[in-house]
Number of protein chains: 2
Amino acid sequence: MTMTTDDAPVRARWLLEILATKWTPIVLYLLNQQSPMRSGELRRSVPGVSRKVLTATLRNLERDGLVTRENYPETPPRVEYRITELGESLIPIIFSLEAWAEENIAEVLARRTPHAA
Amino acid sequence: MTMTTDDAPVRARWLLEILATKWTPIVLYLLNQQSPMRSGELRRSVPGVSRKVLTATLRNLERDGLVTRENYPETPPRVEYRITELGESLIPIIFSLEAWAEENIAEVLARRTPHAA
DNA sequence: CTGTATCCACATTGATACTG
DNA sequence: CAGTATCAATGTGGATACAG
């Protein structure tokens, strides 16, 4: 998406575009708990993610400076990912999102459900 | 998107799925500043949004209980939108997203830009 | 004034199989 | 083990014109 104006709430969308990638919050959360993690280790810790999408997620995080990638060209290959300081600065935000969801998502979902019977 | 597990960071995605709709943060922000607002008033305050997408955004917000919609079947028609308490509870989160972006987005964008010669 | 109906463009996710 | 190439499916956003 492209930003148009420069108003206050519009800036929030910059971060949303980073976080809204489906697996990003989970990957940051895991790497915050344990760094480094190897590629396969991450993939097993994120149930349901495909290699391709996990790689894309990590590439984006690396590009944005939220994660670092260390490649050890051994046999077999080994790649380690670490969260950066900038990445760590997002952890409190992820927790605040989670806190809101935990407290309010039931009400939201109840509204979405066609009042059963 | 559908949620798969029930782990901590996964819950954050519930809220992200709400907020990541392109115009949602802006609409909530505007309605927090001024409620009620009429449809066209909102549309003029959100530069670049189309009728269709704004309507869809408001429908989602209404469905989730973040906004109320009041229809006055006069001539010409008048429709007023108000933010709810639940919607207001998201304002601090939107501000925290904005604060992070304001402080860090320059660094992120610099990394994305191929170090211009 | 408000909202809907089409039709289209684009990005993201995903399944599967292959390469180094 | 780590990553890529392909192809398909889906969903969100958008332009335009029409309806109540």
Side-chain angles (χ1 to χ4, degrees), chain A residues 1-5 9-10 13-27 30-31 35-64 67-82 112, chain B residues 1-5 10 13-27 30-31 36-64 67-82 112:
Chain A
M1 298 167 173
T2 46
M3 311 303 301
T4 47
T5 79
V10 178
R13 299 214 64 260
W14 283 109
L15 177 51
L16 284 169
E17 287 178 20
I18 293 174
L19 288 180
T21 299
K22 185 168 178 180
W23 307 105
T24 291
I26 299 160
V27 168
L30 289 171
L31 287 178
S35 280
M37 282 183 86
R38 298 185 56 174
S39 187
E41 203 178 354
L42 264 173
R43 192 155 50 78
R44 285 186 299 274
S45 303
V46 182
V49 74
S50 69
R51 284 177 222 267
K52 190 192 92 172
V53 173
L54 179 58
T55 299
T57 302
L58 289 166
R59 285 285 188 280
N60 286 335
L61 291 173
E62 188 192 5
R63 177 201 60 187
D64 291 349
V67 155
T68 59
R69 176 181 186 273
E70 201 75 34
N71 182 22
Y72 302 89
E74 311 161 349
T75 320
R78 180 166 55 104
V79 175
E80 293 185 346
Y81 292 94
R82 282 184 170 80
R112 289 185 189 178
Chain B
M1 296 167 175
T2 44
M3 311 303 301
T4 48
T5 79
V10 178
R13 299 213 67 259
W14 282 110
L15 176 51
L16 284 170
E17 287 179 19
I18 293 174
L19 287 181
T21 300
K22 184 167 179 181
W23 307 104
T24 291
I26 299 159
V27 168
L30 289 170
L31 287 178
M37 282 183 85
R38 299 185 57 176
S39 188
E41 203 177 356
L42 264 175
R43 194 154 49 78
R44 285 186 297 276
S45 304
V46 183
V49 74
S50 69
R51 282 177 226 268
K52 190 192 91 172
V53 174
L54 179 59
T55 301
T57 301
L58 289 165
R59 285 284 187 280
N60 286 336
L61 291 173
E62 188 192 5
R63 177 201 60 186
D64 292 347
V67 154
T68 59
R69 176 180 187 273
E70 200 76 33
N71 182 21
Y72 302 89
E74 312 161 348
T75 321
R78 179 166 55 104
V79 175
E80 291 184 346
Y81 293 94
R82 281 183 171 80
R112 289 186 190 177

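Throughout, protein chains are lettered first and strands after them, A, B, ... in sequence-line order, and every chain is numbered starting at 1. What you see is a predicted model, and the numbers here were worked out from it, not measured in a lab.
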*Rounded off to whole Å, could you give me the CG-to-P distance for the B/Leu54 and C/dT2 pair?*
10 Å

*Check whether any side-chain nitrogen or oxygen of A/Thr75 sits under 4.0 Å from OP1 or OP2 of D/dC1, and answer yes or no.*
no

_Looking at every heavy atom in both B/Pro25 and A/Arg13, which two are closest together, and how far apart are they?_
CG-CG, 4.4 Å

*Taking CG from A/Leu58 and P from D/dC1, how many angstroms apart are they, rounded to a whole number?*
17 Å

*Classify every nucleotide of nucleotides 15-20 of chain C by which part a protein heavy atom approaches to under 4.0 Å, writing B for the base, S for the sugar-phosphate alone and - for neither, in 5'-to-3' order.*
B----B

*asked:* On a heavy-atom basis, which atom in B/Arg43 and which in B/Ser50 lie closest, and how many Å separate them?
replied: CD-C, 4.4 Å

*Below 4.5 Å, heavy atoms only, C-beta onward: do A/Leu42 and A/Leu58 meet side chain to side chain?*
yes

*Would you mind classifying the nucleic acid contact of A/Tyr72 as base, sugar-phosphate or nothing, using non-hydrogen atoms under 4.0 angstrom?*
nothing

*Among the candidates D/dG3, D/dG13, C/dC1, find the nucleotide nearest to the side-chain atoms of B/Val53.*
D/dG13

*For B/Arg69, what residues pass the side chain to side chain contact (heavy atoms under 4.5 Å, CB included) criterion, not counting sequence neighbours?*
B/Arg59, B/Glu62, B/Asn71, B/Val79, B/Tyr81

*Measure from CD on B/Glu74 to P on C/dG3 and round the result to the nearest Å.*
13 Å

*Quick one: is C/dT2 close enough that its OP1 or OP2 comes under 4.0 Å of any side-chain N or O from B/Arg59?*
no

*asked:* Please confirm whether the shortest side-chain N or O distance from B/Tyr81 to OP1 or OP2 of C/dG3 is below 4.0 Å.
replied: yes

*Using five pairs at either end of the helix from C/dC1-D/dG20 to C/dG20-D/dC1, determine the angle between the two local helix axes and round it to 10 degrees.*
40°

*Charged N to carboxylate O under 4.0 angstrom, A/Glu80 versus A/Arg78?*
yes

_d(CD, A/Glu17; C1', C/dC10) in whole Å_ = 14 Å

*Length of the CD1-P vector between A/Ile18 and C/dA11, whole Å*: 18 Å

*Indicate the atoms forming the closest heavy-atom contact of A/Ser45 with A/Met37, along with that distance.*
OG-CE, 3.6 Å

*To the nearest 0.5 angstrom, please state how far the OG1 atom of A/Thr57 sits from the NZ atom of A/Lys52.*
10.5 Å

*Integer-rounded Å distance: C/dG14 C1' and A/Lys22 NZ*: 9 Å

_What's the separation between atom CZ in A/Arg44 and atom CG in A/Leu54, rounded to the nearest 0.5 Å?_
11.5 Å

_Main chain of B/Thr24, side chain of B/Thr21: is a donor-acceptor contact present, judged purely on distance under 3.5 Å?_
no

*Within this structure, what is the CG-to-C1' distance between A/Leu16 and C/dA11, rounded to whole angstrom?*
17 Å

*Nearest whole angstrom, please: distance from the P of D/dG3 to the CD of A/Glu41.*
13 Å

*Base, sugar-phosphate, or nothing: which does B/Arg38 touch, judged by heavy atoms less than 4.0 Å apart?*
sugar-phosphate

